[in-house]
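For clarity, every value in this text was computed on a predicted model and none was experimentally measured.
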Amino acid sequence: MPVSAIDTIASALQRTVEYLLDTQDESGGWAMLPEPRILETALSLHTLATLQPVGLVSNDVGAALSRARRWLTTAAPQEQHPVATVVEQTLRDIALDQAAYIDLSHHTFTDAVYSSRQLLLYAVALSARRSVDAGPPPEDVRDQIGRRYANYARQNLKPWSTVELLAVRALIESFFGDEAAAAEAVGRIKSHQAVDGSFSQNPISTSMALLALHVSDPDGVAVRQGCQWLLDAQQPDGTWRFCTCDVWDTTLVIRALGQHPLFRERALRPALEFLSGRQNDDGGWGFGGHSQSDSDTTGAALLALPTDTQDKEQIRQAIDYLARQQDGNGLWRTWQFDHDPPAQDVVAHVLAGLDRFSEYHRVPLEPARHWLEAQYRSSVGGWRAGWYHNSPYAQLEVGRALGFTHSLVQDAGRALAASQNSDGGWGRMAGEQSCASATGLAAAALARCQGDGSPTVVAARAFLIRTQCGDGTWPGVPEMLGPRPLLTHMPIETQAFAVTGLSSVLSTNSHYQERQT
């Protein structure tokens with residue numbers, strides 16, 4: 001690679017590291033809010049408008065509602081999946097009092113992952129005194145919720161999912177006039193409220209809980225505290241945002257730039273201390289704050305922690321957690337929820353993380369390798385991530401797990417190279433407009449499959465250099481799934497993914513290493 005090209009890459013890396021140093025939290029992690037979307041803002045607006053709280057510290061509730069309405073009037077629903085479109089369009093129409101016709105009949109709501117979205121929308125429509133014009137009849141919804149409610153304690157639901165199920169139960173039973181059943185669900189909801197008034201620091205679950213609490217205890221302390229949290233969580237532009245993912249985002253940053261000299265000198269140690277401090281008592285890590293442990297974040301933490309760590313007990317606890325989460329097929333679900341299907345990116349992270357610390361355990365890994373191989377052979381378009389709408393992400397993460405010399409990974413690399421756009425970049429999916437995150441991930445995968453100086457990698461890096469902003473960042477697009485199938489844009493993740501496409505020169509190019517010393 002020409003010296004001038006290495007110098008250009010080095011300058012781009014330096015700018016990104018300086019940006020990340022500026023945005024690193026005092027705790028050592030990165031806790032940047034995601035970009036806004038309709039889901040959180042419309043649901044929070046509807047909740048506050050329904051409850052009309054008074055006497056709170058944030059006095060001007062009307063002003064908060066006005067800011068939210070102004071933002072919503074120009075916001076467009078997501079279109080990458082029909083359920084995402086229905087969710088955002090329905091909530092937006094309800095919040096703006098424009099819901100003339102509510103249609104929850106789309107056939108994809110029958111999917112196990114998406115059916116809970118239909119039930120949530122149904123309950124919100126009832127709370128707004130709107131009838132569902134197309135979709136299951138209320139009696140069927142009540143029966144479905146009743147079955148889920150009867151079994152939820154045995155299913156290891158996520159805390160926020162538990163709150164949402166209880167809230168839907170309370171709203172549905174109130175609609176049918178069974179106030180005792182509604183009050184029972186509301187009583188269970190209260191036990192999940194945090195000291196700050198929120199429910200999992202999530203505006204979605206907090207809004208649903210408040211709508212349910214309003215049914216049986218409209219003037220109670222729980223309602224006032226929850227409303228205060230919502231008001232305090234509103235952003236200056238009038239929006240509410242999805243949860244921060246500080247643990248997950250920190251693992252991505254460390255993995256992307258852990259070999260950069262300036263990053264190692266200034267940012268790495270506090271970032272690793274942050275990760276150590278966020279390990280849960282069960283040995284795992286959750287995606288943000290002290291959230292429930294999940295296999296994906298725990299696997300990613302093992303990929304971020306140094307192999308020569310002095311805290312060997314920390315690694316053993318993490319491995320013990322993952323060993324307990326391995327299912328009967330040798331795979332891993334994201335969550336401890338029994339019906340959560342294994343995702344290819346999750347299995348890849350756990351497999352790669354356990355391989356990295358192989359001397360610590362005897363967890364059987366061959367079933368996971370065989371499963372990933374089988375997933376590729378039965379797929380159209382290569383591996384597919386469960387938590388990102390980003391094909392290069394899946395190809396890179398599975399490639400790391402199986403090894404880049406693996407025949408299937410090489411085959412996936414050739415297909416990935418063939419999907420490169422004429423501008424040198426990649427879109428989230430083949431045929432989409434190029435974006436920095438997908439291009440960085442594709443460049444990183446192909447640098448390992450084809451070599452650091454291959455024409456596709458050179459063109460990809462040229463795209464990244466050309467599109468980098470002066471402050472060291474790249475513009476991003478919504479790509480993280482949550483709650484599925486809705487997407488959100490996490491700005492730090494864009495930077496980590498994009499810079500991954502440049503950072504392979506940290507270990508492969510002698511001129512770069514000499515330049516840094």
Margin query: Enumerate the ring-ring contact (aromatic ring centres under 6.0 Å, His included) contacts for residues 73-121, please, sequence neighbours excluded, ordered by first and then second residue.
Written below: His81-Tyr114

Notebook entry, point to check: Quick check: are there more than 12 heavy atoms from other residues, nucleotides or ligands sitting under 6.0 Å from CD of Gln433?
Noted result: no

Item checked: Donor-acceptor under 3.5 Å (Gln80 side chain, Pro485 main chain) -> yes

Next item on the list: Determine, stepwise, if the pair Leu303 / Thr251 fulfils side chain to side chain contact (heavy atoms under 4.5 Å, CB included).
Entry: CA-CA 8 Å; Leu303 292 172; Thr251 68; over 6 Å; no

Checklist line | Flag, side chain of Arg92 to backbone of Ala75, donor-acceptor distance under 3.5 Å | finding: yes

Check: Just wondering, more than 12 heavy atoms not from Arg384 lying within 6.0 Å of its CZ?
Finding: no

Item checked: Phe242 side chain near Pro203 side chain, heavy-atom distance below 4.5 Å -> no

Check: Under 6.0 Å between the ring centres of Phe287 and Trp160?
Finding: yes

Next item on the list: Over 60° means perpendicular and under 30° means parallel, so classify the ring planes of Tyr376 and Trp383, tilted if in between.
Entry: tilted

Next item on the list: Let me see the working for Arg169 and Glu164 under salt bridge (charged side-chain N to carboxylate O under 4.0 Å, His left out), right down to the final yes or no.
Entry: CA-CA 9 Å; Arg169 162 79 170 183; Glu164 290 164 22; over 6 Å; no

Check: Just by distance, do the side chain of Asp340 and the backbone of Arg333 share a donor-acceptor pair under 3.5 Å?
Finding: no

Margin query: Using only atom types and a distance under 3.5 Å, with no angle test, would you say the side chain of Asn280 pairs donor to acceptor with the backbone of Asp282?
Written below: no

Next item on the list: Could you grab the distance from atom CG of Leu157 to atom CH2 of Trp335, nearest 0.5 Å is fine?
Entry: 12.0 Å

Checklist line | Flag side-chain contact, heavy atom, 4.5 Å: Met32 against Asp246 | finding: no

Margin query: Give me the atom names and distance for the closest heavy-atom approach of Pro77 to Ile38.
Written below: N-CD1, 3.5 Å

Check: Between Asp140 and Gln144, do the side chains contain an N or O donor and an N or O acceptor separated by less than 3.5 Å?
Finding: no

Next item on the list: Kindly compute the distance separating OG1 (Thr244) from CD1 (Ile492), expressed to the nearest 0.5 Å.
Entry: 11.5 Å

Note to self: Under a plain distance cut-off of 3.5 Å, with no hydrogens placed, do Ser27 and Asp25 share a side-chain donor-acceptor pair?
What the structure shows: yes

Check: Are Met208 and Leu43 side-chain neighbours, meaning at least one heavy-atom pair lies under 4.5 Å?
Finding: yes

Check: Are the side chain of Glu179 and the backbone of Ser216 linked by a donor-acceptor contact shorter than 3.5 Å?
Finding: no

Note to self: Within this structure, what is the CD1-OG distance for the pair Ile145 and Ser116, rounded to the nearest 0.5 Å?
What the structure shows: 9.0 Å

Notebook entry, point to check: Does the side chain of His389 come within less than 4.5 Å of Glu432's, by heavy atoms?
Noted result: yes

Item checked: Close side-chain approach of Leu481 and Tyr388, heavy atoms under 4.5 Å -> no

Item checked: Side-chain H-bond candidate by donor/acceptor type, Asp294 with Thr334, under 3.5 Å -> no

Next item on the list: Answer yes or no on whether Arg224 is positioned over the face of Trp229, meaning its NZ or CZ is under 6.0 Å from the six-membered ring centre and within 45° of the axis.
Entry: no

Next item on the list: For the pair Gln52 (side chain) and Ala49 (backbone), establish whether a donor and an acceptor sit closer than 3.5 Å, ignoring hydrogens and angles.
Entry: yes

Item checked: Within 6.0 Å of CG in Asp471, more than 12 heavy atoms from elsewhere -> yes

Notebook entry, point to check: Between the main-chain N or O of Leu331 and the side-chain N or O of Asn329, is there a donor-acceptor pair closer than 3.5 Å?
Noted result: no

Notebook entry, point to check: Roughly how far, to the nearest 0.5 Å, is the CZ atom of Phe497 from the CE atom of Met490?
Noted result: 10.5 Å

Margin query: Do Ser115 and Arg148 pair up side chain to side chain, a donor and an acceptor below 3.5 Å, judged on atom types alone?
Written below: yes

Next item on the list: Check each of Glu493, Glu479, His489, Arg428 against Ser437 using the side-chain hydrogen bond (donor to acceptor under 3.5 Å, both in side chains) test, and report the only one that passes.
Entry: Glu479

Margin query: Run the ring pair (Phe, Tyr, Trp, His ring centres under 6.0 Å) test against Trp474 and tell me which residues pass, sequence neighbours left out.
Written below: none

Check: Is there a donor-acceptor pair closer than 3.5 Å between any side-chain N or O of Thr85 and the backbone N or O of Gln78?
Finding: yes

Note to self: For Thr239 and Arg241, which I'm curious about, is there any donor-acceptor pair between the side chains at under 3.5 Å?
What the structure shows: yes

Checklist line | Under 3.5 Å: donor-acceptor pair, side chain of Gln344, backbone of Val398 | finding: no

Next item on the list: Check the pair Tyr321 / Ser293 against side chain to side chain contact (heavy atoms under 4.5 Å, CB included), numbers first and verdict last.
Entry: CA-CA 9 Å; Tyr321 169 82; Ser293 297; 3.5 Å; yes

Checklist line | Shortest non-hydrogen separation from Gly440 to Leu464 and the atoms involved | finding: CA-CD1, 3.9 Å

Item checked: Within residues 179-213 or reaching into it, pairs that qualify as ring-ring contact (aromatic ring centres under 6.0 Å, His included) - sequence neighbours excluded -> none

Next item on the list: Indicate the atoms forming the closest heavy-atom contact of Thr298 with Gly284, along with that distance.
Entry: OG1-CA, 3.4 Å

Notebook entry, point to check: Cys435 and Val477: which non-hydrogen atoms are nearest, and at how many Å?
Noted result: SG-CG2, 4.0 Å

Item checked: Candidate pair Ser200 and Gln292, rule side chain to side chain contact (heavy atoms under 4.5 Å, CB included), full reasoning -> CA-CA 10 Å; Ser200 298; Gln292 180 188 31; over 6 Å; no

Margin query: Show every side-chain hydrogen bond (donor to acceptor under 3.5 Å, both in side chains) that has at least one partner inside residues 120-136, sequence neighbours left out.
Written below: His46-Ser127, Asp97-Arg130

Notebook entry, point to check: What pair of heavy atoms forms the shortest contact from Val141 to Pro136, and how long is it?
Noted result: CG2-CG, 3.8 Å

Next item on the list: State the CZ-CG distance between Arg69 and Leu45, to the nearest 0.5 angstrom.
Entry: 5.0 Å

Margin query: For Cys469, is there any backbone N or O sitting under 3.5 Å from a side-chain donor or acceptor partner on Thr473?
Written below: no

Next item on the list: Consider only side-chain N and O atoms of Ser419 and Trp426, and report whether a donor and an acceptor are under 3.5 Å apart.
Entry: yes

Next item on the list: Carefully, step by step, assess His349 and Trp332 under the rule side chain to side chain contact (heavy atoms under 4.5 Å, CB included).
Entry: CA-CA 10 Å; His349 288 146; Trp332 286 269; over 6 Å; no

Check: Among all residues two or more places apart in sequence or in another chain, which pass the ring pair (Phe, Tyr, Trp, His ring centres under 6.0 Å) test with Phe175?
Finding: none

Notebook entry, point to check: Looking at Leu230 and Ser44, what are the two nearest heavy atoms and their distance?
Noted result: CD2-OG, 3.7 Å

Next item on the list: Tell me yes or no: between the side chains of Gln468 and Thr16, is some donor less than 3.5 Å from an acceptor?
Entry: yes

Next item on the list: Walk me through it: do Glu139 and Arg142 pass the test salt bridge (charged side-chain N to carboxylate O under 4.0 Å, His left out)?
Entry: CA-CA 5 Å; Glu139 294 78 8; Arg142 187 187 194 190; over 6 Å; no

Next item on the list: Could you grab the distance from atom CZ of Arg70 to atom CZ of Arg67, nearest 0.5 Å is fine?
Entry: 7.5 Å

Next item on the list: Enumerate the residue pairs fulfilling ring-ring contact (aromatic ring centres under 6.0 Å, His included) with a member in residues 125-150, sequence neighbours excluded, ordered by first and then second residue.
Entry: Tyr149-Tyr152

